[in-house]
Asker: 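Structure below; questions to follow.
All figures in this text were calculated on a predicted structure; none of them were measured in a lab.
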Amino acid sequence: MRLKSQSWRLWGSALGLAGALVAGDAALAAEDTIIVARPADADSMDTHRVSTTISLQAMTQVYGNMVHMDADANIVGGLAESVSVSEDGKTYTFNMRPGGVKCHDGTVFDAAAAKWNFDRVTDPDVASPNASSYGEVTGTRIEGDSLIVELAAPYSALLAFLSGPLAHFMCPSTIQGEDVNPVGTGPWKFVSWDRNNEIVYERFDDHVNFHPMIDNPGAPHMQNLIYKTISEGPARMAALRTGEVTFAEPSLQDAAEMKDDPEYIVYTSPHSGQQAYIAFAHKIPPFDDPRARRAVGYAVDRNTFANIAFEGLVEATNCPIAPGLFGEDQEKCAEWGTAYDPDKAMALLAELGYGPDNPLEIIMSVSTLQGWDESHIIMQQQLAEVGIEAEMEVRQFAAWVDHMSVVNDQTEGKPVMWTMGMSGMDSDYLVFLWQRPGYASGGIDDPVLDQMLRDQRALQGEARRAKLLEIQKFLLENAYEIPTWSPGWFWLQASKSNVKGFKQVHMVTPIFNDVTIEE
């Protein structure tokens with residue numbers, strides 16, 4: 001089976017092709033089978049070549065991680081029993097489990113298999129979209145049962161990254177030339193894939209769980225797992241209500257209707273790592289002045305976005321780092337940033353020469369997504385209340401990236417504010433966003449910030465936490481980023497209330513090991 005990959009996207013997968021339940025599927029929804037209805041199909045099962053959310057959720061079921069992250073963001077063992085880091089932060093020693101971990105095909109995942117993964121994902125010829133997240137790997141070698149990974153520079157985010165869905169480790173037998181035949185150590189064995197219809201898995205009876213957020217120490221309770229592509233939201237919900245599927249991804253409206261209905265359970269994702277925010281083309285006046293940027297921060301009410309646009313299913317946030325990630329501190333961020341205060345917004349605008357007779361005219365550049373669309377309308381209204389007239393420009397995501405990559409480098413023209421979101425296993429994504437050139441050319445050309453971003457990569461523990469707080473203070477006091485809500489996209493699941501044990505762990509990773517279905 002040859003599976004083609006697609007390029008990565010910042011906030012998940014694109015819309016998939018239409019799928020529909022076919023005759024006989026109801027019979028599959030037996031006591032031993034979990035059926036999950038999704039709006040789109042995966043791109044590939046080659047974890048080194050894709051990074052779309054919809055693909056990662058499918059691969060999670062098959063593959064394993066070298067390490068795992070617990071609910072408090074601590075790193076614990078996975079395929080590697082333990083890890084040690086040299087004092088200079090450049091050498092990582094992964095002590096593999098004695099005898100290795102059994103793969104689905106009877107082979108063993110050991111130090112050699114781990115080395116194969118590191119070498120392949122960082123091979124320029126593979127052109128992995130995830131390669132840079134492994135740091136500057138200069139070499140790997142095996143010593144006994146351990147894998148040694150050498151880096152050119154310290155990279156404190158490596159272990160957090162390795163615990164997430166972007167760093168699944170395949171058993172080497174997965175790749176046969178250009179063919180991909182998924183083989184892993186995960187709880188589910190790959191059986192078949194009917195493109196744009198369904199992916200079928202069966203329980204791996206020899207699975208041993210190492211993830212601290214999963215209760216079941218061995219194989220899943222259920223026998224089969226099926227990912228079913230149903231692109232239309234009403235069709236997914238109908239399939240859930242009739243019992244033809246076990247889980248379905250609801251719209252915000254559906255979730256709002258079901259969350260107080262005892263017949264259903266709506267699952268959010270408190271460990272999503274997702275962070276939505278407002279930013280600016282900060283080279284164009286008056287947004288080259290922090291007072292103008294802070295005025296926007298005082299003008300918008302993030303609680304309104306969370307409670308109205310997102311039906312109370314998300315939380316307003318104060319930090320540039322997403323809730324639950326290392327270095328996040330909502331109380332300190334609230335001290336440094338802005339909160340809803342229209343009077344302060346108008347006072348700052350007045351200092352800049354704007355008022356009722358001279359409103360600030362800007363462009364609000366956004367991409368379309370449920371919840372975000374409603375938030376943007378509210379945002380536009382709140383800005384108008386303080387004297388900022390925002391002309392909304394809406395583009396599809398890819399077109400938005402291309403457009404803002406040009407606008408963010410401009411130094412004159414109509415002022416532009418924009419909204420976006422980021423997700424990850426570690427707060428190091430601040431480097432991706434804000435170090436020049438930054439995401440969509442939005443990076444900040446400031447030597448102090450640049451040094452802090454580089455410094456945090458070379459630090460560990462409390463020293464790194466302190467540096468991350470310095471970075472957030474800089475971003476918030478200068479209002480380069482106005483945090484809004486978390487999570488933001490692809491985080492909802494729903495089931496009937498007789499389904500027990502479902503979890504979504506870090507980065508909206510669905511876990512079915514503990515799932516049972518009561519009669």
Asker: Among side-chain atoms of Gln275 and Thr317, is any donor-acceptor pair under 3.5 angstrom?
Answerer: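 There is such a pair between these side chains.
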Asker: Tell me whether Gln435 at atom CD has more than 12 heavy atoms from other residues, nucleotides or ligands lying less than 6.0 Å away.
Answerer: yes
Asker: Under the side chain to side chain donor-acceptor pair (under 3.5 Å) rule, what do Asn196 and Thr229 come out as? Steps first, then yes or no, please.
Answerer: CA-CA 6 Å; Asn196 302 307; Thr229 300; 5.7 Å; no
Asker: For the residue pair Phe118 and Phe94, categorise the inter-ring angle as parallel (less than 30°), tilted (30 to 60°) or perpendicular (more than 60°).
Answerer: tilted
Asker: What orientation do Trp491 and Phe310 show, parallel under 30°, tilted 30 to 60°, or perpendicular over 60°?
Answerer: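 Plane angle between 30° and 60°, so tilted.
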Asker: Sort out for me which residue in Glu470, Lys467, Arg464, Gln451 forms a side chain to side chain donor-acceptor pair (under 3.5 Å) with Gln456.
Answerer: Arg464
Asker: With His48 as reference, evaluate Asn117, Asn130, Thr174 under the side chain to side chain donor-acceptor pair (under 3.5 Å) test and give the passing residue.
Answerer: Asn117
Asker: Enter the distance from Ile199:CD1 to Asn197:CG here, rounded to the nearest 0.5 Å.
Answerer: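 One finds 10.0 Å between CD1 of Ile199 and CG of Asn197.
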Asker: Assign the ring pair Tyr134 / Phe169 to parallel, tilted or perpendicular, where the plane angle (0 to 90°) is split at 30° and 60°.
Answerer: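 The rings of Tyr134 and Phe169 sit tilted, inter-plane angle from 30° to 60°.
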Asker: Return the orientation label for the Trp372 and Trp489 ring planes: parallel under 30°, perpendicular over 60°, tilted otherwise.
Answerer: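 Tilted, since the angle between the ring planes falls between 30° and 60°.
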Asker: Distance alone, cut at 3.5 Å: any donor-acceptor contact between the side chains of Ser156 and Asp428?
Answerer: no
Asker: Please tell me whether Phe161 and Tyr155 form a close aromatic pair, meaning their ring centres lie under 6.0 Å apart.
Answerer: no
Asker: Would you please say whether a donor-acceptor pair under 3.5 Å links the side chains of Asn318 and Gln330?
Answerer: yes
Asker: Would you say CG of Asp145 has more than 12 non-hydrogen atoms from neighbouring residues, nucleotides or ligands within 6.0 angstrom?
Answerer: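 No, because the 6.0 Å sphere around CG of Asp145 holds 12 heavy atoms or fewer from other groups.
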Asker: Please step through salt bridge (charged side-chain N to carboxylate O under 4.0 Å, His left out) for the pair Arg120 and Asp46, ending with a clear verdict.
Answerer: CA-CA 11 Å; Arg120 184 172 184 265; Asp46 183 346; 2.9 Å; yes
Asker: Does the pair Arg49 and Asp43 meet the rule for a salt bridge (charged side-chain N to carboxylate O under 4.0 Å, His left out), with working shown?
Answerer: CA-CA 10 Å; Arg49 293 189 182 275; Asp43 299 308; over 6 Å; no
Asker: Under a 3.5 Å threshold, yes or no: a donor from one side chain and an acceptor from the other, between Gln61 and Tyr227?
Answerer: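 A donor-acceptor contact under 3.5 Å links the two side chains.
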